[in-house]
Protein chains: 2
Amino acid sequence: MKHDIADIKNLLNRHDIRPTQIRKAIAGLLFDGLDKHVTVDDVIEMARGRQIKTSVASVYNTLNQFAASGLLRRVSVEQGRAFFDTNLSAHHHFYFEDEERLEDIPVDAINIQGLPKLPKGRRIKSVDVTIRI
Amino acid sequence: MKHDIADIKNLLNRHDIRPTQIRKAIAGLLFDGLDKHVTVDDVIEMARGRQIKTSVASVYNTLNQFAASGLLRRVSVEQGRAFFDTNLSAHHHFYFEDEERLEDIPVDAINIQGLPKLPKGRRIKSVDVTIRI
DNA sequence: TCTCAATTTAGAATTATTCTAAAAGTGATT
DNA sequence: AATCACTTTTAGAATAATTCTAAATTGAGA
Ligand SMILES: [Mn+2]
Ligand SMILES: [Mn+2]
Ligand SMILES: [Zn+2]
Ligand SMILES: [Zn+2]
């Protein structure tokens, strides 16, 4: 639980993100120690709920910056909306299709024994296992 | 290679899809025996290239119908566009991020040893492994 | 406090997709 | 072949997620 403002500022500084108002506010919503999978709309609603005044464009800007800086992981599990994942450690996902919701699967709950040889000149950026249920 | 028109009509009939003009035309483009991952735009371009006159809406309709009938598998690997996969057998994917392109990985090239226990009342719809490279 | 680049914002623009409703096609029946 | 009921196709409008633009605001350092 990194709840205090000092920790949030520190987190942003460590990632070379200037700790501005809405960045601190959104970081405070997201990085409370609990793993989350949020959409842009989720964040807008969370911000409204806590009287944080911001704009749609700023939420997009901020989530995209956080993802680019490695504070969030973007998860593409369906064509429409993007999910942003606060859990940065290696893990996999259940996707509840009817609820349009992700849930983490610990990395050691799935044992991948062998990986295929890669095309020439390529390196693995990620190995994502999605179990649709 | 199921190239002749009789086979295409047969395929559509077996899946309870009326073999109309554009359905036969699009099926002819897609089901030539080679595995493909196509976007709607790909199909529109392919159709243009073979002088098949159709509309954007019809390509969407047809690909969605084919996917609903089990003739195609929809693959969601990034937020923007959907891919439609003509390979219906169990397999996984390399995703070439810079080229925005999918490539099949044979199912037995990845050995998944254990799966986590499912949430109550849920059944697995699919297990998708995507290796981003 | 002043300055100026970075940030935030409202609204326009873009992109993928779906919807609407009218025209065209299909298959069965006379 | 003509009719009929229904399905499909289509152009264009509508929707939804996201990005862009350009102007206003902020804030870190001088
Ligand atoms: Mn939501
Ligand atoms: Mn393409
Ligand atoms: Zn996760
Ligand atoms: Zn495939």
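For the numbers below, each heavy atom of this structure counts, side chains included, while hydrogens, waters and symmetry mates do not. Letters go in sequence order (proteins before strands), and every chain restarts at 1. The structure displayed is predicted, hence computed values, not measured ones.
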Between protein and nucleic acid, restricted to nucleotides 18-21 of chain D and to nitrogen or oxygen atoms under 3.5 Å apart, what atom pairs and distances do you find?
{"unit_1": "D:dT18", "atom_1": "OP1", "unit_2": "A:Ala82", "atom_2": "N", "d": "2.8"}
{"unit_1": "D:dT18", "atom_1": "OP2", "unit_2": "A:Tyr60", "atom_2": "OH", "d": "2.8"}
{"unit_1": "D:dT18", "atom_1": "O5'", "unit_2": "A:Tyr60", "atom_2": "OH", "d": "3.4"}
{"unit_1": "D:dT19", "atom_1": "OP2", "unit_2": "A:Asn64", "atom_2": "ND2", "d": "3.0"}

Using atom CG of B:Asp16 as one end and atom P of C:dG27 as the other, report the distance to the nearest whole Å.
-> 15 Å
Is it true that a side-chain atom of B:Asp42 and a backbone atom of B:Thr39 form a donor plus acceptor pair closer than 3.5 Å?
-> yes
Taken to the nearest whole Å, CG/A:Asn13 to C1'/D:dG27 is 14 Å
Distance in angstrom units between A:Glu78 CD and C:dA16 P, rounded | 17 Å
How many Å lie between CD on A:Glu45 and C1' on D:dA17, as a whole number?
-> 15 Å
Tell me: NZ of B:Lys24 to C1' of D:dT7, nearest whole Å?
-> 15 Å
Check the side chains of B:Asn87 and B:His37 for a donor-acceptor pair under 3.5 angstrom, ignoring hydrogens and angles.
-> no
Same cluster or not: are B:Leu115 and A:Tyr95 linked, directly or through other Ile, Leu, Val, Met, Phe, Trp or Tyr residues, by side-chain heavy atoms under 4.5 angstrom apart?
-> no
Donor-acceptor pairs are to be reported for all side-chain atoms of residues 125-133 of chain A against protein atoms at under 3.5 Å, with residues two or more places apart or in another chain.
{"unit_1": "A:Lys125", "atom_1": "NZ", "unit_2": "B:Glu97", "atom_2": "OE1", "d": "3.4"}
{"unit_1": "A:Ser126", "atom_1": "OG", "unit_2": "A:Asp128", "atom_2": "OD1", "d": "3.3"}
{"unit_1": "A:Ser126", "atom_1": "OG", "unit_2": "A:Asp128", "atom_2": "OD2", "d": "3.4"}
{"unit_1": "A:Asp128", "atom_1": "OD2", "unit_2": "B:Arg132", "atom_2": "NE", "d": "3.0"}
{"unit_1": "A:Arg132", "atom_1": "NE", "unit_2": "B:Asp128", "atom_2": "OD2", "d": "3.0"}
{"unit_1": "A:Arg132", "atom_1": "NH1", "unit_2": "A:Val77", "atom_2": "O", "d": "3.2"}
{"unit_1": "A:Arg132", "atom_1": "NH2", "unit_2": "A:Val77", "atom_2": "O", "d": "3.1"}

B:His93-B:Asp85 side chain donor-acceptor pair, cut-off 3.5 Å = yes
Just by distance, do the side chain of B:Arg23 and the backbone of B:Arg18 share a donor-acceptor pair under 3.5 Å?
-> yes
Rounded distance (Å) that lies between atom P of D:dA17 and atom CG of A:Asp42 = 11 Å
Can you check whether B:Leu34's main-chain N or O pairs, donor with acceptor, with B:Asp32's side chain at less than 3.5 Å?
-> yes
Are B:Asn61 and B:Ser58 close enough, and set up right, to give a side chain to side chain donor-acceptor pair (under 3.5 Å), and what steps lead you there?
-> CA-CA 5 Å; B:Asn61 287 343; B:Ser58 289; 5.0 Å; no
Consider the side chain of A:Lys53, meaning its heavy atoms from C-beta on, and name the nucleotide among D:dA17, D:dT10, C:dT9 that approaches it most closely.
-> C:dT9
Taking OP1 and OP2 of C:dT9, is either one under 4.0 Å from a side-chain nitrogen or oxygen of A:Ser55?
-> yes
Tabulate atom names and distances for all N/O pairs under 3.5 angstrom spanning the protein and nucleotides 3-7 of chain C.
{"unit_1": "C:dT7", "atom_1": "OP1", "unit_2": "A:Arg23", "atom_2": "NH1", "d": "2.8"}
{"unit_1": "C:dT7", "atom_1": "OP1", "unit_2": "A:Arg23", "atom_2": "NH2", "d": "3.2"}

Is there side-chain contact between B:Phe31 and B:Leu71, with at least one heavy-atom pair below 4.5 Å?
-> yes
